[in-house]
Amino acid sequence: MAFKEYGNYDAVGLAELVREKQVSPKELLDEAVARTAKIDPQINAVVVKHYDYAERQIANGLIDGPFTGVPFLLKDLDLLEGTRTTSGATVLMDFVADHTGTLAQRFIDTGVSIFGKSSSPEFGLMPTTESRLFGPTRNPWNLAHSSGGSSGGAAAAVAARILPVAHASDGGGSIRIPASACGVFGLKPTRARNPLGPDRGEGWGGFSCGHVVSISVRDSAVMLDAIHGPEASSPYVAPPPERPFSQEVGRDPGRLRIAFTDKSPYGDAIDPEIAAAVREIASLLAGLGHHVEERAPELAADPAAVMTTIVGGNTALTVRLLEQRLGREMTDRDIEALTLAHSHNAKKVTATDYVAAQLAAFQISRSLAAFFAGCDVFLSPTLCAPPLRIGELNTMSNDLSHIAPILRRYMPGTSMFNMSGQPAMSVPLAWNKAGLPLGMMFSARFGDEATLFRLAGQLEQVRPWKNKLPPVCA
């Protein structure tokens with residue numbers, strides 16, 4: 001195999017080469033490391049490098065799984081025993097995990113070799129990846145722009161072909177946002193499809209889940225087959241799939257009822273190129289035989305207000321646990337101004353306020369359930385503005401008042417599906433005139449990843465994106 005062709009393969013393809021003994025896991029790891037050395041100085045996506053861990057995995061014998069020998073990155077929020085995990089925070093810059101998370105273990109059981117961790121904003125709080133600890137992760141399509149967040153390092157590394165698939169997580173859009181910004185495929189699974197233990201049963205009040213971003217649809221489906229399912233401590237479980245997710249990719253989706261909107265959920269105007277792209281994709285779907293109509297859900301509550309309370313309370317707990325562990329109060333030398341502000345503001349919120357936010361999230365879920373009684377899939381823009389410029393969101397500022405208006409303009413439509421727990425995906429189907437990717441978001445009923453994989457597979461065939469390469473790959 002000529003390694004110059006490494007980037008032409010998705011993860012399933014690389015694993016097939018390993019099984020056929022056309023290439024060894026060590027050769028694939030060496031290529032991923034070489035690409036990291038060449039490309040990462042431009043994009044800053046691989047912030048924790050533990051090549052020795054991957055080398056030991058290979059030397060000890062990789063597990064025989066669907067991705068045996070494929071290089072892999074964990075997001076720098078998840079625990080892998082004996083490796084550094086910072087959560088993007090200065091206070092944790094030297095923290096070494098003493099155990100492995102359930103999801104990380106399931107990734108290991110697929111046969112991947114984990115050679116490092118991808119960047120995240122501090123504690124995964126922002127839709128851009130620009131932590132004080134590591135600096136900004138840049139968009140491979142234009143280095144002046146953000147890679148998105150919070151799985152910005154994962155999406156940037158995959159887009160730049162350092163590797164074909166990488167761990168990502170999503171509590172308010174953090175798989176779909178960077179997938180859109182970087183032009184890769186990212187599916188947020190149904191709530192509780194994948195485990196979050198052993199240290200917690202749910203994240204952000206049930207909003208958060210983990211999966212991957214990938215070059216191909218089949219990588220996402222094959223990985224979900226391998227890692228999904230409850231663990232002994234799971235507080236609830238997702239509906240079991242009718243058949244393996246990998247069998248849905250390439251399966252005829254039939255004639256779907258697809259609703260779409262080119263507007264923000266708040267009724268605000270969105271970027272005109274993005275609005276035009278949504279309408280173009282709606283026309284494409286109609287041409288494929290789907291029933292397409294312009295219609296959007298009416299939400300019973302404001303998702304942004306819900307996120308402020310739920311995420312603030314969870315952040316405050318994170319800060320409290322750090323203070324208990326270290327025996328001192330956290331200051332702006334330890335964590336960023338935004339994290340401190342979340343923590344301080346949450347202390348003013350009562351338990352009743354928190355429960356009211358949970359109720360509002362349930363009301364949003366009911367609104368969406370009623371809406372999906374009349375359609376199979378909902379198409380909307382993943383982001384309502386092009387990828388942000390580096391520095392546009394400043395989590396270290398003494399004045400954080402600029403953040404909420406930007407979030408409302410940039411990503412108003414992702415978090416509602418974290419509240420409802422429904423699966424949703426960003427598919428790289430459009431680019432603007434400046435050459436930046438514009439992901440299209442498709443969501444389905446609770447538990448129905450199958451429909452999304454079938455539709456994504458169809459779109460991947462008629463409008464392929466795999467051979468679109470960002471400038472950093474030149």
Discussion item. Donor-acceptor check, side chain of Arg138 to backbone of Pro136, threshold 3.5 angstrom: yes or no?
Written reply: no

Discussion item. Quick one: does any side-chain atom of Glu323 pair with a main-chain N or O of Arg328 as donor and acceptor, under 3.5 Å?
Written reply: no

Discussion item. Strictly distance-based, threshold 3.5 Å: is any side-chain N or O of Asp353 a donor or acceptor partner for the main-chain N or O of Thr350?
Written reply: yes

Worksheet item: Okay, side chain of Thr86, backbone of Gly88: is any donor-acceptor separation there less than 3.5 Å?
Response: yes

Worksheet item: Would you call the rings of Phe417 and Phe378 parallel, tilted or perpendicular if under 30° counts as parallel and over 60° as perpendicular?
Response: tilted

Worksheet item: Does the pair Glu449/Arg193 count as a salt bridge with the N-to-O cut at 4.0 Å?
Response: yes

Item to complete: Determine the minimum heavy-atom distance between Met425 and Leu452, stating which atoms define it.
Response: CE-O, 3.3 Å

Worksheet item: Taking side chain as C-beta onward, heavy atoms only, is Gln57 less than 4.5 Å from Phe72?
Response: no

Practice prompt. Answer yes or no: are there more than 12 heavy-atom neighbours, outside Gln324 itself, under 6.0 Å from its atom CD?
Written response: yes

Worksheet item: Under 4.5 Å between any side-chain heavy atoms of Ile43 and Leu143, yes or no?
Response: yes

Item to complete: Verify the distance criterion only: is there a donor paired with an acceptor across the side chains of His99 and Asp199 at less than 3.5 Å?
Response: yes

Worksheet, complete the sentence: To the nearest 0.5 Å, atom CE of Met441 lies from atom OG of Ser380 at 3.5 Å

Practice prompt. Start with the C-alpha gap between His167 and Ser118, add the side-chain angles, then the distance that decides, and say whether side-chain hydrogen bond (donor to acceptor under 3.5 Å, both in side chains) holds.
Written response: CA-CA 8 Å; His167 170 226; Ser118 63; over 6 Å; no

Discussion item. With no hydrogens and no angle check, just 3.5 Å: does a side-chain donor-acceptor pair link Arg176 and Asn418?
Written reply: yes

Fill in: Inter-residue atom distance Leu400.CG - Thr395.OG1, 0.5 Å rounding
8.0 Å

Response to the item:
Closest non-hydrogen atoms of Pro189 and Asn194, given as atom of the first, atom of the second and distance, are CG-ND2, 3.8 Å

Response to the item:
On a heavy-atom basis, the closest approach of Ser214 and Val158 is C-CG1, 3.8 Å

Worksheet entry | Which atom of Arg445 lies closest to which atom of Pro423, heavy atoms considered | O-CD, 3.2 Å

Worksheet item: Should Pro386 and Asp271 count as side-chain neighbours, where that means a heavy-atom distance under 4.5 Å?
Response: yes

Worksheet item: Taking the six-membered ring for Trp, are His50 and Phe115 ring centroids under 6.0 Å apart?
Response: no

Worksheet entry | Side-chain donor or acceptor of Ser180 paired with backbone N/O of Gly439 under 3.5 Å | yes

Worksheet item: Are side-chain heavy atoms of Ser367 and Pro297 found at a separation under 4.5 Å?
Response: no

Discussion item. Test your reading of the model: is there a side-chain donor-acceptor pair from His211 to the backbone of Ala168, 3.5 Å cut-off?
Written reply: no

Worksheet item: Is Leu438 close to Val278 at the side-chain level, that is, under 4.5 Å between some pair of heavy atoms?
Response: no

Practice prompt. Kindly indicate whether a cation-pi arrangement holds for Arg191 with Phe207, taking the cut-offs as under 6.0 Å to the six-membered ring centre and within 45° of the axis.
Written response: no

Worksheet item: Are His228 and Phe245 close enough that their ring centres sit under 6.0 Å apart?
Response: yes

Worksheet entry | Ser420 and Ser365: side chain donor to acceptor below 3.5 Å | no

Practice prompt. Please lay out, stage by stage, how Leu196 and Leu103 fare under the test side chain to side chain contact (heavy atoms under 4.5 Å, CB included).
Written response: CA-CA 6 Å; Leu196 290 168; Leu103 188 59; 5.9 Å; no

Discussion item. Between Cys384 and Pro412, is there a side-chain heavy-atom distance shorter than 4.5 Å?
Written reply: yes

Discussion item. Under the criterion side chain to side chain contact (heavy atoms under 4.5 Å, CB included), I'd like the reasoning laid out for Leu338 against Leu393: C-alpha separation, chi angles, the key distance, then a yes or no.
Written reply: CA-CA 11 Å; Leu338 177 71; Leu393 281 174; over 6 Å; no

Practice prompt. Consider only side-chain N and O atoms of His402 and Ser397, and report whether a donor and an acceptor are under 3.5 Å apart.
Written response: no

Discussion item. Thr137 and side-chain hydrogen bond (donor to acceptor under 3.5 Å, both in side chains): which single residue from Ser120, Ser119, Ser147 fits?
Written reply: Ser119

Fill in: Exercise: identify the closest heavy-atom pair between Val306 and Ala361
CG1-CB, 3.9 Å

Discussion item. For the residue pair Arg35 and Tyr6, would you count it as a cation-pi contact if the rule is NZ or CZ under 6.0 angstrom from the ring centre and within 45 degrees of the ring axis?
Written reply: no

Worksheet item: Is the closest side-chain donor-acceptor distance between Thr36 and Lys49 under 3.5 Å?
Response: no

Discussion item. Does this structure show an ion pair linking Arg409 with Glu392, if we count only N-O contacts that are shorter than 4.0 Å?
Written reply: yes

Discussion item. Tell me whether Asp334 contacts the main-chain N or O of Thr331 through its side chain, where contact means a donor paired with an acceptor under 3.5 Å.
Written reply: yes

Worksheet item: Where does the angle between the aromatic ring planes of Phe453 and Phe185 fall among parallel (under 30°), tilted (30 to 60°) and perpendicular (over 60°)?
Response: tilted

Worksheet item: Which value, rounded to the nearest 0.5 Å, describes the distance between Ser208 atom OG and Lys188 atom NZ?
Response: 9.5 Å

Practice prompt. Using modelled atom types only, decide if a donor and an acceptor are shared between the side chain of Arg389 and the backbone of His145 within a distance under 3.5 Å.
Written response: no

Worksheet item: Where the side chain of Thr129 meets the backbone of Gly152, is there a donor-acceptor pair that is under 3.5 Å apart?
Response: yes

Discussion item. Does atom CG (Asn398) have a neighbourhood of more than 12 heavy atoms from anything else shown, all under 6.0 Å?
Written reply: no

Item to complete: Begin from the C-alpha positions of Asn139 and Leu436 and carry the test side chain to side chain contact (heavy atoms under 4.5 Å, CB included) through to its verdict.
Response: CA-CA 9 Å; Asn139 194 310; Leu436 288 165; 4.3 Å; yes

Item to complete: May I have the step-by-step check of side-chain hydrogen bond (donor to acceptor under 3.5 Å, both in side chains) for Thr339 and Glu122, ending in yes or no?
Response: CA-CA 8 Å; Thr339 306; Glu122 188 170 272; 2.5 Å; yes

Worksheet item: Is the backbone of Pro235 close enough, under 3.5 Å, to the side chain of Glu202 for a donor and an acceptor to pair up by distance?
Response: no

Worksheet item: Does the distance from a Lys or Arg side-chain N to an Asp or Glu carboxylate O, for Asp268 and Lys263, drop under 4.0 Å?
Response: no

Response to the item:
Interatomic distance, CG@Leu379 vs CD1@Ile281, rounded to 0.5 Å, equals 7.5 Å

Discussion item. Looking only at the side chains, is there a donor atom on one of Thr102 and Glu231 sitting less than 3.5 Å from an acceptor on the other?
Written reply: yes

Practice prompt. Side-chain contact test, heavy atoms from C-beta onward, threshold under 4.5 Å: evaluate it for Trp431 versus Trp141 and give yes or no.
Written response: yes

Worksheet item: Are Ser216 and Asp10 linked by a side-chain donor-acceptor pair shorter than 3.5 Å?
Response: yes

Practice prompt. First locate atom CD of Glu81, then atom OH of Tyr53, and finally report the distance between them rounded to the nearest 0.5 Å.
Written response: 8.0 Å

Item to complete: Could you tell me whether Arg84 and Asp76 have a side-chain N and a carboxylate O separated by less than 4.0 Å?
Response: no

Discussion item. Test side chain to side chain contact (heavy atoms under 4.5 Å, CB included) on Phe107 and Met223; report intermediate values, then the result.
Written reply: CA-CA 8 Å; Phe107 286 132; Met223 185 65 81; 3.8 Å; yes

Discussion item. Do Lys75 and Ser174 make a side-chain contact, defined as non-hydrogen atoms from C-beta onward lying under 4.5 Å apart?
Written reply: yes

Response to the item:
Scanning both residues in full, the closest heavy-atom pair of Leu14 with Tyr9 reads CD2-CB, 3.6 Å

Discussion item. If I take atom CG from residue Leu383 and atom CG from residue Leu388, how far apart are they, to the nearest 0.5 angstrom?
Written reply: 8.0 Å

